[in-house]
Amino acid sequence: MKNPLSRVGPRRMSLAGMAIAVTAVGCLNPITAGGVAAATPAPATAAEQAAVAAAEPTYFAPLADSETTWRYLATGVDPSPTGDPNAWAQPGYDDSAWPSGKGGFGAKWADVETPNFDSGMVARTVLPMRPGGGDNIPTYFFRADVQVTPEQLATGEDIRFDGYVDDGAVIFVNGVEVQRHNVAENAPNVAYQTGFGAELAFTIPAERFRAGANTIAVRLHQDRASSSDIWFSLDHLGGELPPPPAGPEVGAPSRVILTPTDAPETSQSFTWLAGAPDVSTGKVQLRIGDGAVRTVNAASQGTAVNQANPHFSATVRGLKPGTEYTYRVGNADAWSEWKSFTTADPDVDEFEYVYYGDAQIGLDSTWPSVVELAQEKAPDSIGSVHAGDLIDTSSNDTQWSNWFKGMEESAATTNIFAAPGNHEYSGDRLLQSWKAHFEYPDNQPNTSTIGDLAQRAVGDTDVARQYQAYFDHWSNFAHETVYYSDYQGVRFITINATTDSTFLKPDNLPACSGAECPSAGVAALWVEYQAAWLDHILSDSPSKWNVVTFHQPVYSASAGRNEPHLRNAWVPVFQKHNIDLVQMGHDHVYARGYNNDDRTGVDGVTDGPVYIVQNSGAKHYNLETDAKNVWTNNGATQVRKGEDFSSFAVVKVTDDQLHYTSYIAERTASATTDVPVGGVWDEFVVTKHDDGRKVVTEAGAPIPEFEDLTPAPEIVEQSPTSIEGKAGSSLTLSVTARGEGPLSYQWQRTPVGKDAWTDIVNQDKSTLVLEDLRAATARFAYRVAVTAGTRTVHSAPISVRVTGLPAAPDRKVASKVSVGKTVARANRRAAVVLRPSVTGTVRVSVRVAGKTLTRTVTVRQGRKVTVRLGKLPRRASGLAVVTVRLTPKDTQRYAASSKVKVVRVKR
């Protein structure tokens, strides 16, 4: 008999048990980034083995777990009929004639024995319940031998038992009772014992065990002769070693940062700065809630310029989408605080992110206040994009420290999409500090993703060899400076607008002379190389939205600046693919506008990319004069511009809109705006149809409606307009339709002879199943509405004739079933409370999201009963239809009855 209160969730190990299973040293290998245990090469020497053992907490292997083999007796016969009733539990007892098996042990009686004890609990070894066809076996007996080491006993730590029993049990260690559940004192070995099944989690004093072999014995009782189930499983029996002795003092990791991967739904990258120069190993530990701790090894990323402590990074894969994890980084000598993050959810298309321009100056004053205000405006953001110049001098480690202090909470809990600026090269021409601090996807350009440009490296000429040398070098050096990540419908793209000669020049560059040699125009080639890659990744982008971030603007806004090499190569690609947002920095002013080709003729409405320059630090420049305005002189229009203030933007993403809002974060005395700090400085909305048509509207401008170009769907086949079924059986109505794009369905019905069609709740598939045909079924006609876009067509009405109906109901006494509280929660078991007016059986069904859960139980007249069904789908939502049909035991006297109730599914 299962306890309805204790079985509200799936079975799980205790935290200690799961930690042992995950990180056991000497018995189990750490789980790899893919979530599968992988072989780890053994250290070559005893010294190396000792170093590994001292590097992290170690654990004993479980004494027993779900893979332990047990001897069991399932005959209903007392194995100790005389003398000491617990003799069967002693180590020396002869159980060689007993059968053996692995847990869980159990069975379910549903007319026959089945292994399906409960949702998620299927017996590996099925226990006989009623071998004689009469009453249940009252008691079952189990024995297993386990080995305990002297070292484990020497710790003095108690041994933990984690398992589940249904209904009662007595646990013995070496013949001595250590735990009792739902079994009366002095109860006979073979007897029913009233109670409910439950989790068993308790500790056993270490002194109950001895070094070497030990016997664990379990006596399992049924609660009554007619009980519908039986169960015993032991998930974990064991204890932990004490932590290793303290080593040299090491500071906690710092500069902890989350960065996106190429699959943010199921993976996450972590990077951090170790707390001492001699730290040689790093790990990430993470878990869901209080569940199992997973440990993943990190790789060293070297050191930043003028920083002796190493950086480490790890990319953890095999995560669950849309799931909150807690994590920490470091190693056994020093861990960071536990922080949390949530993986991307492919089923969610609404979120916010923050866009920052240059932080650079005022990292210990302005920058923290800017970030704090941004977190107030977007407390649930999934992360932030940074358009370069995070610091002023890359070789100044104090500046890096201050940037991370400002971002401390944000960087450790949300994803950071950062682009390098020219100041990241200051004192660090090879971006050593950048690559130490950040870990980004390996999807940078290479010769397979730059299209026809790759043909320049083909051939046996000096020119081709030099092209190949540059392309090979850039494919490596572009890593973590040029990348993209698809996050919940947005492709975030980062490119590198800085053309530093040291960074771009490969070692051992092949000799080449002449104007055709790429060395004659390296900066232009670097920009063209990225343009070709952009064209490639935008051509096959699966995301509805595409935004790009880089540093130097294609349309400069501050006085004396102009970047024609970027504009000439990149703007045509942005315009060709109608990219949504172009997010830039560098100029230390604010500017936003569009390419003149994207005018629509309607004031406040354009239909192409939005170009933005933003400044988020304390460094300010002057705007360019109207006469020298780079935008105006190069076919673009500035909609908004300003100087001498700091700002950031919050971009809210929904299925069909990007809502951009820029806020004032700090003002100087000469600021060109009176908007207060925290006030909205700039705002617009990008609205996009699923077929790619879009408009950009200024704040306050009406958003034009898109004409629906989807043709009406066509119904090509359907069920006959008159169909027959037998009373009590099921009948399926169906339709086949075709059309452009996705089709949606909605079944409807109307009383026969009327034209009053109403939707049938939760019937949104191409088929409709009419269950348990009755006279009432035939009182309606049925049809389905098929929709493509905004266009809908209807099938021909279908009438139903029900045959084999019982005699007129007035010859019988009416029955009634009332339905009370109903529990319908996503990813939880459904439950329905009901009370019948007569004794009989009730068939309960709960239908939601195209799935129907059904259960039939016996009921007694006037008695309230709770009927528990299976789990609702994890993402179930909307309305659930509950149908309860009562069939009286005395069908000659009482008529059947039913009740339908609609409830909202909770999440």
Side-chain angles (χ1 to χ4, degrees), residues 1-4 7 11 72 74-76 99 101 103-140 164-168 192-197 220-233 726-730 769 771-773 804 806 815 817 829-834 836 838-847 851-861 863-871 882-892 894 896-898:
M1 181 177 180
K2 295 185 290 297
N3 183 349
R7 299 294 300 141
R11 292 282 296 118
Y72 67 96
T75 62
F105 296 87
K108 179 78 172 182
W109 186 266
D111 297 328
V112 296
E113 289 170 356
T114 76
N116 301 315
F117 171 79
D118 196 7
S119 175
M121 298 176 71
V122 179
R124 294 171 71 180
T125 303
V126 178
L127 296 175
M129 293 182 65
R130 306 174 188 175
D135 293 340
N136 285 327
I137 292 174
T139 311
Y140 302 79
Y164 189 85
V165 298
D166 190 307
D167 296 289
Y192 299 114
Q193 294 290 292
T194 302
F196 292 103
L220 181 69
H221 291 261
Q222 278 279 27
D223 79 316
R224 64 188 188 279
S226 60
S227 176
S228 63
D229 46 29
I230 188 72
W231 187 268
F232 163 65
S233 58
K726 186 178 180 180
S729 65
S730 297
V769 179
E771 297 180 338
D772 193 14
L773 297 180
S815 65
V817 59
R829 294 182 62 187
V832 179
V833 177
L834 54 89
V838 297
T839 297
T841 59
V842 290
R843 182 175 183 268
V844 181
S845 65
V846 176
R847 182 175 179 83
K851 180 176 181 180
T852 301
L853 307 173
T854 304
R855 187 176 181 189
T856 300
V857 298
T858 301
V859 294
R860 294 185 181 181
Q861 178 179 353
R863 289 192 180 183
K864 184 169 70 174
V865 62
T866 299
V867 180
R868 302 183 185 279
L869 300 92
K871 279 187 179 180
V882 181
T883 304
V884 180
R885 180 165 176 78
L886 169 63
T887 301
K889 181 177 182 181
D890 186 354
T891 57
Q892 298 299 316
Y894 296 101
S897 61
S898 63

Please determine whether side chain to side chain contact (heavy atoms under 4.5 Å, CB included) holds for the pair E771 and R847, giving the CA-CA distance in whole Å, both sets of side-chain angles, and the decisive distance to 0.1 Å. CA-CA 12 Å; E771 297 180 338; R847 182 175 179 83; 5.8 Å; no

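- Between the side chain of S228 and the backbone N or O of W109, no donor-acceptor pair lies under 3.5 Å.
- For the atom pair CG (D229) and OG1 (T114), the distance works out to 9.5 Å, reported to the nearest 0.5 Å.
- Other residues, nucleotides and ligands contribute over 12 non-hydrogen atoms within 6.0 Å of the CZ atom of R124.
- Heavy atoms only, all atoms of each residue included: R868 and R855 are closest at O-NH1, 2.8 Å.
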Test log, rule side chain to side chain contact (heavy atoms under 4.5 Å, CB included), inputs T125 and Y72: CA-CA 10 Å; T125 303; Y72 67 96; 3.7 Å; yes

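- The CE atom of M121 sits 11.0 Å away from the NZ atom of K108 when rounded to the nearest 0.5 Å.
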Hey, mind stepping through R843 and T854 against side chain to side chain contact (heavy atoms under 4.5 Å, CB included) and telling me if it holds? CA-CA 7 Å; R843 182 175 183 268; T854 304; 3.9 Å; yes

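- Q222 places no side-chain N or O within donor-acceptor distance of the main-chain N or O of D166, the cut-off being under 3.5 Å.
- Across V838 and S815, no two heavy atoms sit closer than the pair CG2-CB, 3.9 Å.
- For the ring-ring contact (aromatic ring centres under 6.0 Å, His included) test, no residue two or more places apart in sequence or in another chain qualifies with Y140.
- Rounding to the nearest 0.5 Å places CE of M129 at 5.5 Å from OG of S227.
- Going from atom CH2 of W231 over to atom CG of L220 covers 11.0 Å, rounded to the nearest 0.5 Å.
- Between A107 and V126 the shortest heavy-atom distance is CB-CG1, 4.0 Å.
- In the model, R885 has no side-chain atom that pairs as donor or acceptor with a side-chain atom of S898 under 3.5 Å.
- Put simply, the side chain of V857 reaches to within 4.5 Å of the side chain of V842, judged on heavy atoms.
- Contacts of Y192 classified as ring-ring contact (aromatic ring centres under 6.0 Å, His included), with partners at least two apart in sequence or in another chain: none.
- Between the R829 side chain and the G870 main chain, no donor and acceptor come within less than 3.5 Å of each other.
- Nearest heavy atom pair, residue A896 against residue P888, reads CA-CD, 3.7 Å.
- Using a 30° and 60° split on the angle between ring planes, Y164 and F117 fall in the perpendicular class, above 60°.
- For the atom pair D223 CG and D167 CG, the distance stands at 4.0 Å (nearest 0.5 Å).
- Smallest separation of non-hydrogen atoms from R224 and N136: O-ND2, 3.4 Å.
- When all heavy atoms of T839 and V859 are compared, the closest pair comes out as CG2-O, 3.4 Å.
- Applying the 6.0 Å contact sphere to NZ of K726 captures no more than 12 heavy atoms from other residues, nucleotides or ligands.
- Between the side chain of R130 and the main chain of S226, a donor-acceptor pair closer than 3.5 Å is present.
- Residues I137 and I230 fail the side-chain proximity criterion, which asks for heavy atoms closer than 4.5 Å.
- Once rounded to the nearest 0.5 Å, the distance linking OG of S730 with CG of D772 reads 7.5 Å.
- Annotation: side chain of K864 is in contact with side chain of V833 (closest heavy-atom distance under 4.5 Å).
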